[in-house]
Participant: 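What follows is a structure written as structure tokens; I'll ask about it next.
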There are 2 protein chains.
Amino acid sequence: MGERRDGSRVDGGDEAEAVSRFVERFAAQLVQAGMARMPARVFAALLSSERGALTSAELGEQLRVSPAAVSGAVRYLSQVDMVSREREPGSRRERYRVQGDQWYDVLLKRDSILRNWQETMREGVEHFGPDSPQGRRINDSLEFFRFLEKELGSLMQRWAAHRAEHLEDQGLSDSSRRRP
Amino acid sequence: MGERRDGSRVDGGDEAEAVSRFVERFAAQLVQAGMARMPARVFAALLSSERGALTSAELGEQLRVSPAAVSGAVRYLSQVDMVSREREPGSRRERYRVQGDQWYDVLLKRDSILRNWQETMREGVEHFGPDSPQGRRINDSLEFFRFLEKELGSLMQRWAAHRAEHLEDQGLSDSSRRRP
DNA sequence: CGCTTACTTCATAAATTTATGAAGTTAAGA
DNA sequence: TCTTAACTTCATAAATTTATGAAGTAAGCG
């Protein structure tokens with residue numbers, strides 16, 4: 001049964017089209033959540049590929065965009081650690097691979113953003129004074145973020161435990177391949 | 001000591017300028033998190049105002065934007081329940097007020113977005129089949145979001161408890177004023 | 001009642017973002 | 001060493017977003 005290396009089947013472009021629909025739909029939701037369009041599409045395509053990895057040319061073909069666009073998207077995605085790049089020795093082709101724990105990482109990253117917010121709010125409270133109406137109001141927000149940060153920490157620990165448990169059952173040791 | 005109704009002081013535009021710096025800085029961080037610029041600025045300005053409420057004209061003056069821009073931003077902010085509108089009887093002026101628990105609400109809203117993602121991913125798994133590499137990979141993501149949704153639920157409950165406790169101590173019964 | 005003020009809506013101008021083609025860089029293979 | 005393929009960079013064109021002015025609507029006040 002003729003499969004190509006991007007996971008689509010030769011028999012029936014219907015399959016390729018269905019995959020594309022899923023990719024675009026999922027990408028649209030990532031965009032809605034604040035991600036730039038092209039990185040979102042690339043990421044969704046990788047997630048939907050058989051091996052979880054595609055070359056620049058394959059991505060360009062599936063998404064119908066220029067190599068330049070792929071290059072930019074992939075640069076962003078590796079900066080934020082959502083894909084890793086692997087260069088196969090003996091070839092000029094580079095492969096881009098989705099990590100097994102992208103979401104965990106994304107959430108961890110949010111953590112540092114939270115801390116920036118807290119810093120700004122702290123300055124606000126300091127400026128207005130903790131007993132001014134403004135100071136108190138901003139301090140309330142600050143309190144929520146402090147709470148959130150603390151909770152996210154333990155939440156992530158619980159996830160790590162949960163994940164480890166389920167990974168044992170299935171053969172998904174993808175995480176051993178993390179970080180170049 | 002001469003205070004104006006936007007909370008800035010007549011003595012020394014330095015104060016107004018310092019507030020503006022904080023407003024713009026905080027707004028920039030909201031933008032970074034995915035919020036549109038004008039709603040972010042309006043929200044930050046309200047948060048930094050003495051009463052936690054400003055009129056359209058006051059917002060326009062402080063942010064140096066047209067009434068039209070204020071109108072658009074405020075429409076968005078009330079749609080997502082981050083500000084409430086109150087029309088003082090006997091005046092055409094409308095006041096826009098920040099809620100006491102905006103962040104809680106924002107997080108609750110994320111919850112429904114999470115569910116949309118899950119639906120899309122479920123379709124992906126179904127399409128590829130749960131035993132295909134793609135299906136398994138997407139299912140892993142799905143698993144994380146399921147976990148997250150569950151955890152967010154209990155997290156919010158803990159926050160509600162935490163908040164209630166601290167509100168008793170201080171006189172911050174702002175929450176009694178929620179929702180028009 | 002009509003005048004006036006506060007706000008909204010909508011077409012459009014301005015600014016920003018996004019993806020491209022073309023030129024440049026690096027490294028494989030002959 | 002030279003050729004060529006794979007990818008990157010950069011200036012720019014296209015598309016989208018954002019804020020505006022002008023015209024419109026509603027509500028207080030004389």
Side-chain angles (χ1 to χ4, degrees), chain A residues 5-6 20 23-24 27-46 53-80 83-97 180, chain B residues 5-6 20 23-24 27-46 49 53-80 82-97 180:
Chain A
R5 47 191 199 303
D6 67 350
S20 178
V23 166
E24 296 304 331
Q29 292 187 325
L30 291 171
V31 168
Q32 212 182 4
M35 199 171 182
R37 182 173 301 279
M38 196 56 74
R41 297 180 71 209
V42 166
F43 179 76
L46 290 174
L54 295 172
T55 65
S56 175
E58 289 165 340
L59 283 167
E61 189 194 355
Q62 177 174 353
L63 302 175
R64 304 307 217 96
V65 293
S66 71
V70 173
S71 175
V74 150
R75 178 177 21 167
Y76 169 80
L77 287 170
S78 31
Q79 262 173 3
V80 300
V83 312
S84 61
R85 330 168 67 126
E86 25 186 88
R87 170 165 267 138
E88 334 178 38
S91 164
R92 271 151 294 187
R93 292 212 167 135
E94 201 139 27
R95 290 189 156 256
Y96 307 113
R97 176 179 302 282
Chain B
R5 48 190 201 303
D6 66 349
S20 178
V23 166
E24 297 303 331
Q29 292 186 326
L30 291 171
V31 168
Q32 212 180 5
M35 199 171 181
R37 182 173 301 280
M38 194 59 70
R41 297 180 71 211
V42 166
F43 179 76
L46 290 174
S49 67
L54 294 172
T55 66
S56 174
E58 288 166 340
L59 284 166
E61 190 195 354
Q62 178 175 353
L63 302 174
R64 305 306 217 98
V65 294
S66 71
V70 174
S71 175
V74 150
R75 178 175 23 162
Y76 169 79
L77 287 170
S78 31
Q79 262 174 3
V80 300
M82 288 183 75
V83 311
S84 61
R85 329 166 69 125
E86 25 186 88
R87 170 167 267 140
E88 336 179 39
S91 165
R92 270 149 295 186
R93 292 209 167 137
E94 202 140 27
R95 289 187 158 258
Y96 307 112
R97 159 165 271 114

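Worth knowing before you read on, the calculation uses all heavy atoms, side chains too, and leaves out hydrogens, waters and symmetry mates. In what follows, chains carry the letters A, B, and so on, assigned in the order in which the sequence lines appear, proteins first and then strands, with residues in each chain numbered from 1.
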Participant: At what distance, to the nearest 0.5 angstrom, does OG of B/Ser84 lie from CZ of B/Arg95?
Facilitator: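 One finds 11.5 Å between OG of B/Ser84 and CZ of B/Arg95.
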Participant: Which pair of heavy atoms, one from B/Arg75 and one from B/Arg85, lies closest together, and at what distance?
Facilitator: CA-NH1, 4.1 Å
Participant: Rounded to whole Å, how long is the line connecting atom CG of A/Leu59 with atom P of D/dA6?
Facilitator: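 In whole Å, D/dA6 P and A/Leu59 CG are 14 Å from each other.
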Participant: Output one letter per nucleotide in nucleotides 25-30 of chain C: B when a protein non-hydrogen atom lies under 4.0 Å from the base, S when only the sugar-phosphate is that close, - when neither is.
Facilitator: ---SS-
Participant: Send over the distance from B/Glu58 CD to C/dA6 P, rounded to a whole Å.
Facilitator: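 The answer, rounded to whole Å, is 12 Å.
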Participant: Nearest 0.5 Å, what's the CZ-OG1 distance between A/Arg92 and A/Thr55?
Facilitator: 13.5 Å
Participant: What pairs with A/Glu24 under side-chain hydrogen bond (donor to acceptor under 3.5 Å, both in side chains), at least two apart in sequence or on another chain?
Facilitator: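 Applying side-chain hydrogen bond (donor to acceptor under 3.5 Å, both in side chains) to A/Glu24 gives A/Arg41.
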Participant: Provide, to the nearest angstrom, the distance between the CD atom belonging to A/Gln79 and the C1' atom belonging to D/dT8.
Facilitator: 14 Å
Participant: Rounded off to whole Å, could you give me the CZ-to-C1' distance for the B/Arg93 and C/dT4 pair?
Facilitator: 13 Å
Participant: Who pairs with B/Ser66 by side-chain hydrogen bond (donor to acceptor under 3.5 Å, both in side chains), at least two apart in sequence or on another chain?
Facilitator: none
Participant: So which heavy atom on A/Ala73 is nearest to which on A/Met38, and how close?
Facilitator: CB-CG, 3.7 Å
Participant: Who passes salt bridge (Lys or Arg N to Asp or Glu O under 4.0 Å) against B/Arg37, sequence neighbours left out?
Facilitator: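 None.
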Participant: Going through the distances and angles, do B/Leu59 and B/Leu46 end up as a side-chain contact (heavy atoms from CB on, under 4.5 Å)?
Facilitator: CA-CA 8 Å; B/Leu59 284 166; B/Leu46 290 174; 4.2 Å; yes
Participant: Can you tell me how far P of D/dA6 sits from CG of A/Leu54, to the nearest Å?
Facilitator: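 In whole Å, D/dA6 P and A/Leu54 CG are 16 Å from each other.
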Participant: Looking only at heavy atoms, what is the nearest atom pair of A/Leu77 and A/Pro39, with distance?
Facilitator: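 Where A/Leu77 meets A/Pro39 most closely, the heavy atoms are CD1-O, 3.6 Å.
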Participant: A/Ser78 side chain to A/Val74 main-chain N or O, any donor-acceptor pair under 3.5 Å?
Facilitator: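 Judged by distance alone, yes, a pair lies under 3.5 Å.
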Participant: Whole-Å distance between C/dA6 P and B/Arg95 CZ?
Facilitator: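 After rounding, the gap between these two atoms is 13 Å.
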Participant: Which part of the nucleic acid does A/Ser56 contact within heavy-atom distance under 4.0 Å: base, sugar-phosphate only, or nothing?
Facilitator: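 Sugar-phosphate contact only.
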Participant: A/Leu77 CG to D/dT8 P: how many Å, rounded?
Facilitator: 12 Å
Participant: For nucleotides 16-22 of chain C, give me one character per nucleotide, 5' to 3': B if any protein heavy atom sits under 4.0 Å from the base, S if the only such contacts are to the sugar-phosphate, - if neither.
Facilitator: ---SBB-
Participant: So which heavy atom on A/Ala45 is nearest to which on A/Leu63, and how close?
Facilitator: CB-CD2, 4.2 Å
Participant: What dot-bracket string describes DNA chain D from 5' to 3', counting Watson-Crick and G-U wobble pairs whose defining distances are under 3.5 Å, with [ ] for crossing pairs and | for pairs to another strand?
Facilitator: ||||||||||||||||||||||||||||||
